[in-house]
Novice: 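So that we are looking at the same thing, I have put the structure below in structure tokens.
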Number of protein chains: 2
Amino acid sequence: MIYTVQQFAKMFGVTEHTVRYYTDIGILPCLRDEGNRRVFNEESVNWMQGITCLKGCGASIDDIKEYCRLCHLPESEENMRARYKIMLNQREQAYRHIDEAKAVAKYMDDKVKHYEDIFRGKNSRRHKSLPLDG
Amino acid sequence: MIYTVQQFAKMFGVTEHTVRYYTDIGILPCLRDEGNRRVFNEESVNWMQGITCLKGCGASIDDIKEYCRLCHLPESEENMRARYKIMLNQREQAYRHIDEAKAVAKYMDDKVKHYEDIFRGKNSRRHKSLPLDG
DNA sequence: TAGAAAGTTCGAGTTACACGAAGTCAAGTG
DNA sequence: CACTTGACTTCGTGTAACTCGAACTTTCTA
């Protein structure tokens, strides 16, 4: 399967600008057709998945560049260890994000319930003061 | 309890710059002492918690400004409904974030295992091709 | 063959801070 | 009392990662 910029962007829910940006800075591989247009294949898809996940972990573009650089070097023991270490760290961030997101969701649940109590005429503020309600 | 900028920033794990920025754009309330220095109290703490969570949901500064604006208006039925709606939407984002973070964590788990297999001499690439490994 | 659609590069704009400069002010030290 | 220290102030520029628009070229479709 091969894809145009447009198809590829839609596939990952990002703008075409972003896709071009990633290819320009060298973290997303693509081929070119006779008219110099970007062409994306399965390899591009795999890399884009990786980029998306690393970004999801909180990695910066520079972090991702560094990982890409390592992936293009010969696969020495040292190199693989370096890649592994990056992935370990990023995985840790991912788990941290789950916890943070859960805490945020809990807070929002409380807020939502607070408003629903008010609409029900309970006026819970008399019992418990919650932030951000005026 | 009252806090200086420094104490308050440390409390929430942000820089003093960020705290000042929030007060300057009017989303974080604070008092001033005789020397015109910012003084934070429990109300500030509550607002900062709310801001942190809204940001965690993905709300922009402008979104937060809008919510703050509503909180400073008289508490009409309409106003409360508007605030409620914002919180409902943001809660949805929070739950979406949990799912996304879980998916990312799973991907990273696979990558980490992939590398561990290689170190163990399995060379799993012969069986399964994973992205971002060169 | 004309015109729309989709692509190209390039450069400026945006968000949410991050940081440094220059100055104020109160407390502690010699 | 002068001086340093340190935390604070405002103001203004810098940064990351896009985001958008302009101006142009190429390819597809009627």
Side-chain angles (χ1 to χ4, degrees), chain A residues 1-41 44 47-69 90 93 97 100 104, chain B residues 1-41 44 47-69 90 93 97 100 104:
Chain A
M1 283 302 272
I2 62 167
Y3 312 91
T4 66
V5 168
Q6 199 181 43
Q7 293 167 334
F8 195 80
K10 184 178 277 183
M11 205 165 147
F12 286 97
V14 298
T15 67
E16 300 171 32
H17 281 290
T18 300
V19 173
R20 293 202 192 92
Y21 173 67
Y22 286 169
T23 64
D24 288 349
I25 63 174
I27 61 175
L28 177 62
C30 71
L31 306 169
R32 297 280 182 156
D33 68 8
E34 330 78 49
N36 195 34
R37 281 174 303 186
R38 293 171 182 78
V39 174
F40 300 90
N41 56 17
S44 309
W47 276 94
M48 190 64 181
Q49 277 170 354
I51 291 167
T52 305
C53 283
L54 283 173
K55 273 179 55 64
C57 292
S60 70
I61 291 287
D62 276 355
D63 293 336
I64 297 173
K65 272 187 193 164
E66 171 61 9
Y67 186 77
C68 290
R69 196 183 62 79
Q90 295 302 329
Q93 297 306 312
H97 284 164
E100 284 172 3
V104 167
Chain B
M1 283 302 273
I2 61 167
Y3 312 92
T4 66
V5 167
Q6 198 181 43
Q7 293 166 335
F8 195 79
K10 184 177 277 183
M11 206 165 147
F12 285 98
V14 299
T15 67
E16 300 172 31
H17 281 290
T18 300
V19 172
R20 293 201 193 92
Y21 173 67
Y22 286 170
T23 64
D24 287 349
I25 62 174
I27 62 176
L28 178 61
C30 71
L31 306 169
R32 297 280 181 157
D33 68 7
E34 332 76 50
N36 195 34
R37 280 172 303 187
R38 294 171 182 78
V39 174
F40 300 90
N41 56 17
S44 309
W47 276 94
M48 191 64 182
Q49 276 169 354
I51 290 167
T52 305
C53 282
L54 283 172
K55 273 179 57 63
C57 291
S60 71
I61 291 287
D62 275 355
D63 293 337
I64 297 174
K65 271 187 193 165
E66 171 61 10
Y67 186 79
C68 290
R69 197 184 61 80
Q90 295 301 330
Q93 296 307 311
H97 284 164
E100 284 171 3
V104 167

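Chain letters run A, B, ... following the sequence lines, proteins first and then strands; every chain starts at 1.
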Novice: Partners of A:Asn36 by side chain to side chain donor-acceptor pair (under 3.5 Å), sequence neighbours excluded?
Specialist: none
Novice: Please tabulate, one pair per line, each protein N/O and nucleotide N/O from nucleotides 21-30 of chain D that are separated by under 3.5 Å, including the distance.
Specialist:
none

Novice: To the nearest 0.5 Å, what is the distance between CE (B:Met11) and CD (B:Gln49)?
Specialist: 7.5 Å
Novice: What pair of heavy atoms forms the shortest contact from A:Gly35 to A:Asp33, and how long is it?
Specialist: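 Looking at all heavy atoms of both residues, the closest pair is N-OD1, 2.9 Å.
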Novice: Nearest 0.5 Å please: distance from the OG1 atom of B:Thr18 over to the CG atom of B:Leu28.
Specialist: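 Here the interatomic distance stands at 11.0 Å.
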Novice: Suppose the criterion is salt bridge (charged side-chain N to carboxylate O under 4.0 Å, His left out): which pairs have a residue in residues 9-18 of chain B, not counting sequence neighbours?
Specialist: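 Qualifying pairs: B:Glu16-B:Arg20.
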Novice: With axes from five pairs an end, tell me the bend angle of the helix from C:dT1-D:dA30 to C:dG30-D:dC1, nearest 10°.
Specialist: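 Both end axes considered, the difference amounts to 0°.
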Novice: Can you list everything that forms a side chain to side chain donor-acceptor pair (under 3.5 Å) with A:Glu66? Sequence neighbours excluded, please.
Specialist: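 So A:Glu66 forms a side chain to side chain donor-acceptor pair (under 3.5 Å) with A:Arg69.
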Novice: Rounded to the nearest 0.5 Å, what separation is found between the OG atom of A:Ser44 and the CD1 atom of A:Ile2?
Specialist: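 These two atoms lie 10.5 Å from each other.
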Novice: Can you tell me the distance, in whole Å, between the CD atom of B:Glu16 and the P atom of D:dT10?
Specialist: 13 Å
Novice: Hey, can you pull the donor-acceptor pairs under 3.5 Å for the side chains in residues 53-64 of chain A, sequence neighbours left out?
Specialist:
| residue | atom | partner | partner atom | Å |
| --- | --- | --- | --- | --- |
| A:Ser60 | OG | A:Asp62 | N | 3.3 |
| A:Ser60 | OG | A:Asp63 | N | 3.1 |
| A:Ser60 | OG | A:Asp63 | OD2 | 3.3 |
| A:Asp63 | OD2 | A:Ser60 | N | 3.0 |

Novice: Under the side chain to side chain donor-acceptor pair (under 3.5 Å) test, which residues partner B:Thr23, sequence neighbours left out?
Specialist: B:Arg38
Novice: Give the minimum heavy-atom separation between B:Trp47 and B:Cys68, together with the two atoms involved.
Specialist: CZ3-SG, 3.4 Å
Novice: Give me the residues of residues 18-31 of chain A where at least one heavy atom lies under 4.0 Å from an atom of DNA chain C, by number, or none.
Specialist: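 The answer is A:Arg20.
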Novice: Students should find this one: the first and last nucleotides of DNA chain C, 5' to 3', lying under 4.0 Å from a heavy atom of chain A. What are they?
Specialist: C:dG7 to C:dT9
Novice: Whether A:Lys55 contacts D:dA17 is assessed here as follows: a side-chain N or O lying under 4.0 Å from the phosphate OP1 or OP2. Is that the case?
Specialist: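 So the side-chain polar atoms of A:Lys55 never come under 4.0 Å of the phosphate oxygens OP1 or OP2 of D:dA17.
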Novice: For DNA chain D, which residues of residues 2-12 of chain A approach it to below 4.0 angstrom with any heavy atom?
Specialist: none
Novice: Could you give all pairs that pass the ring pair (Phe, Tyr, Trp, His ring centres under 6.0 Å) test and reach residues 11-38 of chain B, with sequence neighbours left out?
Specialist: B:Phe8-B:Phe12
Novice: Of the non-hydrogen atoms in B:Val19 and B:Phe40, which two are nearest, and what is the gap between them?
Specialist: CG1-CZ, 3.4 Å
Novice: Does any part of the side chain of B:Ile25, heavy atoms only, come nearer than 4.5 Å to the side chain of B:Lys65, both counted from C-beta?
Specialist: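 Yes - at least one pair of side-chain heavy atoms lies under 4.5 Å apart.
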